Structures are given as C-alpha cells and as structure tokens.
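Scroll down for the structure; my scribbles are underneath it.
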Amino acid sequence: MSTMRQEPFQPATYADLLVYPEGQRWELIEGVPMLQSAPNWQHQMISGELLSALMAYLRGKPCQAFHAPFDVQFGDPDDADDAVSTVLQPDLVVVCDPSRLYKSGYRGSPRLVVEIISPGTARKDMLVKYRIYQKAGIASYWIVQPEERNILQYHLNETGVYELVNVVTEADTLTDPEFPEMAIPGAGLFPPMVVEPDMKGERI
C-alpha cells in the first residue's frame, strides 16, 4: 500500500501577494491566502456613506480614511515583505501614522477598522478578524450588520480585550472616543429597504 507524499506547508507572505494577478482581492491569514468575492450593492452603499462621513470628519486632521482594497499588513515597518504572513483588507480603515503607509496599504495597527458583514463573511469578521484585530491592539473595531441595520462598536479595554460598548441604530448618532467630536447620523448610513426581483422568474 502506497501513500502520496505530502509536501510541507509553505505559508504565503505579503511578498507573494504583490505578484498575484491584478484585479483580484486576496487576504492572508497566518500564511493562508484567501480570495475575496465582490461585495453586493448594499455593502457598497454603506461603505460609500461611511467613507464620505469619515473623510469629512478627518479633513484637516492628521488621520486618514481608506477603503478596500487596502492592505493592512500586520508587522513592523522594518520587516521584510516575506516576513509578513497576515494581511487583511478591512472594508474601511483609519490610520494616524502616515510614515507607516507602505506600497499597497499600511504596515502596522490602524486606529480604526470597519467590517461590513455578509452571510459569507460573518464568521470570519466576528471571530477570525476580531481575534487578529484585538491581538494587534487596534483600539476601535466597528462591525456593520446590514441585515440588522446596526453597527456593533468594540473598543479595547485596559487589559487589551475588546468590549462591546455600543450598538448604533438608525435612530442614533455614531460617535467614538478615539475621535473627539465625531458625530455621524445613523439614519443616512443604510440603503432603503427594497425587495429584490426574482431573477429566475419571467417578466410580465
């Protein structure tokens, strides 16, 4: 009885991502590359509204807001590209140290990351990325839930653990202790509720 020889696992790195085909979105979780699918239109509308609000608030301030595709490379600035094995693409990110902007994104821990979940990404956003962002010391993590039409706001406590500090609905104003005087109306962040047509049926 023979067995197939198993080659040892070779983790991918940020250096590998840089030579992947253009037009594809990849994330790298502890050396494992994961191809990202295109977001739906609701996701795009929420992302656009949040980005516009964040950019308006940050105008004239030292921090900057970016949207995906934007690589957050978890490593030190002096790390070689082939030494970075975790690279994520948050839907939105706010960075406050421009010296760490590097190639396709940012090398280090941003001040804020935002993920807009979908049925296919919920587990990764709420478990896997949650753990990575917490370990990296990212002070503020927002999880947008389009179906529930709310935003879960997590902040690091004094022991370096995320705590759910607020659930922002459309009736609320989005604020954050990391960003003084920021006030984003929740009412304008979510698209109108519509019934999508059944594309399998025939038009009358």
Side-chain angles (χ1 to χ4, degrees), residues 4-51 54 64-95 100-148 150-154 156 160-162 164:
M4 182 180 294
R5 180 180 176 183
Q6 297 293 323
E7 295 294 333
F9 171 68
Q10 295 293 328
T13 68
Y14 178 59
D16 296 313
L17 292 190
L18 292 174
V19 297
Y20 280 10
E22 293 186 8
Q24 296 179 350
R25 287 182 54 191
W26 290 89
E27 289 187 319
L28 196 59
I29 298 177
E30 296 170 346
V32 179
M34 304 183 70
L35 182 63
Q36 308 302 297
S37 59
N40 60 28
W41 66 267
Q42 293 96 333
H43 181 291
Q44 292 287 70
M45 287 187 68
I46 295 169
S47 177
E49 292 291 343
L50 269 176
L51 178 64
L54 286 170
Q64 297 171 276
F66 296 91
H67 64 90
F70 181 86
D71 290 331
V72 176
Q73 310 148 29
F74 290 91
D76 294 324
D78 56 352
D79 285 343
D81 291 345
D82 59 7
V84 177
S85 61
T86 295
V87 180
L88 300 181
Q89 288 193 350
D91 290 307
L92 296 167
V93 58
V94 173
V95 301
R100 291 196 169 211
L101 291 170
Y102 179 73
K103 292 186 178 178
S104 60
Y106 188 82
R107 178 71 60 84
S109 297
R111 181 74 57 84
L112 163 71
V113 291
V114 182
E115 296 287 2
I116 304 168
I117 69 171
S118 65
T121 68
R123 182 183 181 278
K124 182 169 69 170
D125 293 337
M126 302 191 79
L127 295 176
V128 179
K129 289 190 173 184
Y130 179 103
R131 171 180 58 83
I132 294 172
Y133 295 152
Q134 178 178 264
K135 182 179 179 181
I138 295 175
S140 189
Y141 179 28
W142 300 352
I143 298 179
V144 182
Q145 301 189 109
E147 292 294 325
E148 291 78 5
N150 64 27
I151 300 174
L152 309 178
Q153 288 185 288
Y154 292 91
L156 286 180
V161 175
Y162 276 141
L164 178 62

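For clarity, every value in this text was computed on a predicted model and none was experimentally measured.
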### Message
Looking at every heavy atom in both Pro90 and Val72, which two are closest together, and how far apart are they?
### Response
CD-CG2, 3.6 Å
### Query
Taking all non-hydrogen atoms of both residues, which atom of Pro110 and which atom of Val95 are closest, and how far apart?
CB-CG1, 3.9 Å
### Message
If I take atom CD from residue Glu147 and atom CD1 from residue Ile117, how far apart are they, to the nearest 0.5 angstrom?
### Response
8.5 Å
### Query
Considering only heavy atoms from C-beta outward, does the side chain of Asp71 approach that of Trp26 to under 4.5 Å?
no
## Note on the structure
Output for pair (Gln44 CD, Leu51 CG), nearest 0.5 Å, gives 11.0 Å
### Query
Shortest non-hydrogen contact from Ala12 to Pro33?
CB-CD, 4.2 Å
### Message
Parallel, tilted or perpendicular, judged at 30° and 60°: which one describes the rings of Tyr102 and Tyr14?
### Response
tilted
### Task
Applying side chain to side chain contact (heavy atoms under 4.5 Å, CB included), run through Asp79 and Phe74 and close with a yes or a no.
CA-CA 10 Å; Asp79 285 343; Phe74 290 91; over 6 Å; no
#### Entry: Exam field: side chain Thr13 to backbone Val84, donor-acceptor pair closer than 3.5 Å
no
### Message
Heavy-atom count check: over 12 atoms from other residues, nucleotides or ligands less than 6.0 Å from Gln24 CD?
### Response
yes
### Message
Would you compute the distance between atom CG of Leu88 and atom CD1 of Ile132 and round it to the nearest 0.5 angstrom?
### Response
4.5 Å
#### Entry: Any side-chain heavy-atom pair of Ser104 and Gln73 under 4.5 Å
yes
### Query
Any salt bridge between Arg107 and Asp81, counting N to O under 4.0 Å?
yes
### Message
Given 3.5 Å as the limit, does a donor-acceptor pair link the side chain of Asn40 with the main chain of Gln42, or not?
### Response
yes
### Summary
Taking every heavy atom of Gln89 against every heavy atom of Ala68, the minimum-distance pair comes out as O-CB, 4.4 Å
### Task
Check Gly75 against Arg100 and note the closest heavy-atom contact, atom names and distance.
O-NH1, 4.2 Å
### Summary
One should read off an interatomic distance between Tyr154 OH and Ile143 CD1, to the nearest 0.5 angstrom, of 5.0 Å
### Test side chain to side chain contact (heavy atoms under 4.5 Å, CB included) applied to Ile46 - qualifying residues, sequence neighbours left out
Leu50, Ile116, Val144, Pro146, Phe190, Pro191
### Message
Under a 3.5 Å distance rule, please check whether Glu27 uses its side chain to pair with a backbone N or O of Arg25 as donor and acceptor.
### Response
no
### Task
Could you check Tyr133, Tyr130, Tyr141 and say which one makes a side chain to side chain donor-acceptor pair (under 3.5 Å) with Glu115?
Tyr133
### Task
Could you tell me whether the side chain of Ile138 reaches within less than 4.5 Å of the side chain of Leu156, counting heavy atoms only?
no
### Summary
Correct closest heavy-atom pair for Thr86 and Ile29 would be OG1-C, 4.1 Å
## Note on the structure
Here the gap from Ser109 atom OG to Lys135 atom NZ, rounded to the nearest 0.5 Å, amounts to 11.5 Å
### Query
Counting only heavy atoms not in His43, do more than 12 sit closer than 6.0 Å to its NE2 atom?
yes
### Task
List the steps and the verdict of ring pair (Phe, Tyr, Trp, His ring centres under 6.0 Å) for Phe66 and Tyr106.
CA-CA 10 Å; Phe66 296 91; Tyr106 188 82; 8.3 Å; no
